[in-house]
Amino acid sequence: MTSLLGLSLTGRRVLFVGGGAVAARRLGRFLADGAVIGIVAPRLAPETQALVREHDLEWHEREFAPDDVADAWLVHTATGDPAADRDVTAACDRYRVFCVNASDGAHGSARMTAQTTSGDVVVGVASDVGVDPRRAAGVRDAIALTMASGRIPLRRRRATQSGRVDLIGGGPGPIDLMTVRARRLLAEADVVVVDRLGPTAEVLAELDPDVLVIDVGKRPHHHPVPQDEINALLVEHASAGRRVVRLKGGDPFVYGRGGEEVIACQRAGIPVEVTPGASSAISVPQAAGIPVTHRGTASAMHLVNGQGEVTPTTLRALADRDVTTVMLMGVAALPRVVTAALEHGIGSDLPVAIVENGHTPRQRTTRSTLGEVVDAAADAGVRNPAVVVFGEVARTGLLMPDALRSEENAR
């Protein structure tokens, strides 16, 4: 029988016998664990030698002696000679030191597991009888994939004194456009503070029933939970030892007030990290076939909040045909922005596209020009959430090959 144990090797001596390529592959794992590494080998492979230099490891340039294992907590032997490796395991048995025998795992008293991690959860896979590294690696990879999808219950079940806050970007909507890290953090969360945008409905359906969900979603002219109260909620729950996820649409640092929430946590001494998401400024135009930059068409992007003032910088960007101007939260502001642009002398033929509900079944794109887009938006009944794109990249047929474009024009 084989029992899996979680060993803490930080600050403890691990002896490697043999300095070949196998040792080099295994060394990284023990170094990451904080072990104090010693190597006994008459010679080293180049990759092992590089690790010895990089980490200033202790190397005894000679053959193995049985008493080398006396002060080790764990021994790893990979000399390339099965008989020599058996001698090492025999010495370990006499000194009651566990030994990993890389040439014949069945004759070692310890085995390397195929290992994967998700946050602070470590999963190891080993065979109970014999050694089958490829099978163990295949099982590990399948477990890792399931953990990454958020379908394994990774939440802590025992209360702790150390809570934390993670701000995660949910991207433009579909849950499979979220990052692997974001999915894992949601699977670990005790409290999820959500906005109305992003993959909220799909995320909530995956959470355990006892996860506390707090809806602080903001809508135009309707902010049911002020930002100061949101900050206080994050600090309150993290201070009680809970893992808190602040789920935002798009990216937390793109008009998401994520910076204010980070500052609030830091002032309260709460550990906080930010996991990026696909910003709607780029991903929503992309869903409509609009690249915010395109060689020979636009080499820069100017991002603007439609709820703010029309600044001289924005007017210069609109006037520069080499710049794409992307406006978020700008449906209500569209008439004001267009009027300012036309008064500034920007050509009325500037292409404009409005993409509503990007990456969802309700996605719709309205294409027009600066001079006509206000009427076009009114006629189409454009509503938030929407992204407005000004610039040559919004021109119809930009990404369509010339032959197909000619064929379409002929219809």
Side-chain angles (χ1 to χ4, degrees), residues 169-178 195-202 217-220 248-252 254-256 276-294 297-308 310 314 317-318 321-338 341 346 348-400 405 408:
I175 197 168
D176 57 358
L177 288 181
M178 295 178 68
D195 284 339
R196 73 183 181 96
L197 298 178
T200 303
E202 287 182 273
K218 299 176 182 179
R219 295 163 180 78
K248 296 173 174 289
D251 183 273
V254 179
Y255 298 136
S279 172
S280 58
I282 298 172
S283 61
V284 169
Q286 173 267 325
I290 301 172
V292 294
T293 65
H294 186 63
T297 304
S299 62
M301 182 185 80
H302 176 69
L303 180 60
V304 59
N305 180 352
Q307 297 176 352
V310 184
T314 296
L318 288 167
R321 291 288 176 132
D322 197 41
V323 175
T324 300
T325 298
V326 178
M327 184 167 65
L328 304 184
M329 300 171 283
V331 172
L334 188 60
R336 173 169 53 85
V337 173
V338 168
I346 297 168
S348 61
D349 62 339
L350 180 71
V352 182
I354 307 172
V355 186
E356 302 169 75
N357 298 298
H359 284 287
T360 76
R362 303 185 307 280
Q363 178 176 315
R364 181 176 66 158
T365 303
T366 302
R367 294 181 187 263
S368 186
T369 60
L370 186 68
E372 300 178 356
V373 68
V374 173
D375 289 339
D379 292 343
V382 169
R383 296 286 184 271
N384 279 314
V387 175
V388 186
V389 183
F390 301 86
E392 295 300 324
V393 295
R395 190 179 301 280
T396 301
L398 174 70
L399 300 185
M400 189 178 297
R405 189 179 304 155
E408 178 135 324

- [ ] Can you measure from OG1 (T360) to CZ (R362) and round to the nearest 0.5 angstrom?
- [x] 4.5 Å

Open item on the list: Quick test of your reading: applying salt bridge (charged side-chain N to carboxylate O under 4.0 Å, His left out), list the pairs with at least one residue in residues 375-388, sequence neighbours left out, ordered by first then second residue.
Closed with: none

- [ ] Return the minimal non-hydrogen interatomic distance between S280 and V387, and the atom names on each side.
- [x] O-CG2, 3.8 Å

Open item on the list: Would you compute the distance between atom OG1 of T297 and atom CZ of R395 and round it to the nearest 0.5 angstrom?
Closed with: 9.0 Å

Open item on the list: Nearest 0.5 angstrom please: T366 OG1 to R364 CZ, how far?
Closed with: 5.0 Å

Open item on the list: Which residue in the set V304, L318, V337 passes side-chain contact (heavy atoms from CB on, under 4.5 Å) when paired with V310?
Closed with: V337

Open item on the list: Can you tell me how far apart CZ (R367) and CD (E372) are? Round to the nearest 0.5 Å.
Closed with: 15.0 Å

Task: Any donor-acceptor pair under 3.5 Å from D251 side chain to G277 backbone - done: yes

Task: Heavy-atom pair of closest approach, residues A278 and S283 - done: O-OG, 3.9 Å

- [ ] Quick one: pull up CG in L303 and OG1 in T314 and give me the separation to the nearest 0.5 Å.
- [x] 9.5 Å

- [ ] Using the test side chain to side chain donor-acceptor pair (under 3.5 Å), find all partners of D349 that sit at least two apart in sequence or belong to another chain.
- [x] R321

Name each donor-acceptor pair under 3.5 Å that joins a side chain in residues 322-329 to protein atoms two or more places apart or in another chain, with its distance.
unit_1 : atom_1 : unit_2 : atom_2 : d
D322   : OD2    : S299   : OG     : 2.4
T324   : OG1    : V292   : O      : 2.7

Task: Full working for side chain to side chain contact (heavy atoms under 4.5 Å, CB included) between V331 and E356 - done: CA-CA 10 Å; V331 172; E356 302 169 75; over 6 Å; no

TODO: Locate the shortest heavy-atom distance separating F390 from L350; write the atom from each residue and the value.
DONE: CB-CD2, 4.1 Å

Open item on the list: For P252 versus P276, what's the shortest heavy-atom pair and its separation?
Closed with: CD-CA, 4.4 Å

- [ ] Identify the two heavy atoms, one from V374 and one from P335, that lie closest to each other, and give their separation to 0.1 Å.
- [x] CG2-CA, 3.8 Å

TODO: Verify side chain to side chain contact (heavy atoms under 4.5 Å, CB included) between V393 and T293, making sure each step is shown before the conclusion.
DONE: CA-CA 7 Å; V393 295; T293 65; over 6 Å; no

Task: Beyond-backbone contact of N357 with P385, side-chain heavy atoms, under 4.5 angstrom - done: yes

TODO: Of all the heavy-atom pairs spanning S279 and V254, show the shortest one and how long it is.
DONE: OG-CG1, 3.7 Å

